[in-house]
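Keep in mind that this is a model prediction, so the values were computed, not measured. Note that the numbering runs from 1 along the sequence shown for the chain.
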Amino acid sequence: MKKFIASALLGCTLSTGAALAAYPEKSVRITVPYPSGQTTDVIARLLAEQFSKELGQPFVVENKGGAGGIIGVEAAKRDKPDGYNLLIAASGPLGINPSLYTNLPYDPVKDFTAVGMVSMVPLFLVTRNDFPANTVPELIEHIKKNPDKINYGSGGIGLTNHLTMEMFKQATGLSLLHVPYRGATAAVSGLVGGDTSVMFEAAPAIKPLIQDGRLKVFAVANKSGAQAFEGVQPLDKLGVPNFDATAWIALIAPTGTPDEAIQTLNKTMSKILQDPELNAKLATIGNEVFIASPQESQAFIEKEIESWGKAAKAAGVEPAKL
């Protein structure tokens, strides 16, 4: 499993060793803004188990699902910023929601500080196996010859795979018709059934269909590449320069959380995420390790909010009121 390890992180030292050694002194809560069993929840529990082993205190996962993650994130915003209240959440509520709602009850940048990135969820450009193209340039050429005649599917308006396709349209000048479904499973079924012709999707939903020949994969959306499909290259290297889009998961804390706690958690998490067994478990649910320092993680999240905002605007998504 490929790791994204920031060089600054591996070389960091703890300047306040005495203070850091005392943290944590009691149990730490990790809020998950989704129901039990969802991908972020599974990852949170894997991390909590390892944090407990490494730091000698219980790390307890608490699910606060609802409203696509909004309820849990808002609750975490109100938690005491003492290092004993953390939040693990995905790119939807942290990176995309600021562009979808006019009255979002939290600000991912002002109300939280990054502890570190956890994983990325690569998205793959796929079509039905009978699509009349076999390379990215051929796909682009075919769609350009058939403007507004080819449908693409997504799991819903404003979701990652919808906005990634909108980024792709903007980068290539393509005209495609959007067919939103209620979730990834329905969208993939629509693709296989012939209602749509192309889409972006994560590996778990499409890998069995690619293996049995019903779908074919053209490229991965993020610049750094992915390991799920051997030989599949980034769009950035296949004629769409600088294209870079991915879903992701991050560990964050309420603003004001002591830096001693942030640094201890980040250093410990970087060690945890380099474990081959954990890497393999993440791979089974379509995730790849993404390690970065708190500062790099904060900058990444802020850049993502800007990028997804541009994509939402290009897609004509009108921010709604909750």
For [Y], is there any backbone N or O sitting under 3.5 Å from a side-chain donor or acceptor partner on [X]?
X: Thr246; Y: Val121; answer: yes
X: Asp82; Y: Tyr84; answer: yes
X: Asn266; Y: Val115; answer: yes

Check [X] against [Y] and note the closest heavy-atom contact, atom names and distance.
X: Gly155; Y: Ala187; result: N-CB, 4.2 Å
X: Pro319; Y: Ser99; result: CG-O, 3.6 Å
X: Thr255; Y: Pro81; result: O-CB, 3.4 Å
X: Phe229; Y: Ala203; result: CE1-CB, 4.2 Å

Non-hydrogen side-chain atoms of [X] and [Y] separated by less than 4.5 Å:
X: Ser224; Y: Pro234; answer: no
X: Arg128; Y: Ser197; answer: yes
X: Tyr23; Y: Val28; answer: yes
X: Phe59; Y: Gln50; answer: no

Would you call the rings of [X] and [Y] parallel, tilted or perpendicular if under 30° counts as parallel and over 60° as perpendicular?
X: His162; Y: His178; value: parallel
X: Phe131; Y: Phe218; value: perpendicular
X: Phe243; Y: Phe200; value: parallel

Salt bridge or not between [X] and [Y]? Use side-chain N to carboxylate O under 4.0 Å.
X: Lys169; Y: Glu166; result: yes
X: Glu49; Y: Arg45; result: no
X: Lys77; Y: Asp107; result: no

At what distance, to the nearest 0.5 angstrom, does [atom1] of [X] lie from [atom2] of [Y]?
X: Arg214; Y: Leu191; atom1: CZ; atom2: CG; answer: 11.0 Å
X: Glu318; Y: Leu100; atom1: CD; atom2: CG; answer: 11.5 Å
X: Glu277; Y: Asp275; atom1: CD; atom2: CG; answer: 6.0 Å
X: Ser91; Y: Ile301; atom1: OG; atom2: CD1; answer: 10.0 Å
X: Ile43; Y: Leu251; atom1: CD1; atom2: CG; answer: 11.5 Å
X: Glu74; Y: Leu104; atom1: CD; atom2: CG; answer: 8.5 Å

- Query: If Ile, Leu, Val, Met, Phe, Trp and Tyr residues are connected whenever their side-chain heavy atoms lie under 4.5 Å apart, and connections chain through other members, are Leu209 and Leu139 in the same group?
  - Reply: no
Polar contact flag, side-chain donor to acceptor under 3.5 angstrom, [X]-[Y]:
X: Arg29; Y: Asn85; value: yes
X: Ser119; Y: Asn287; value: yes
X: Asp195; Y: Asn151; value: no

- Query: Taking everything shown except Ile157 itself, do over 12 heavy atoms lie less than 6.0 Å from its CD1?
  - Reply: no
- Message: Are there over 12 heavy-atom neighbours, none belonging to Gln211, within less than 6.0 Å of that residue's CD?
- Response: yes
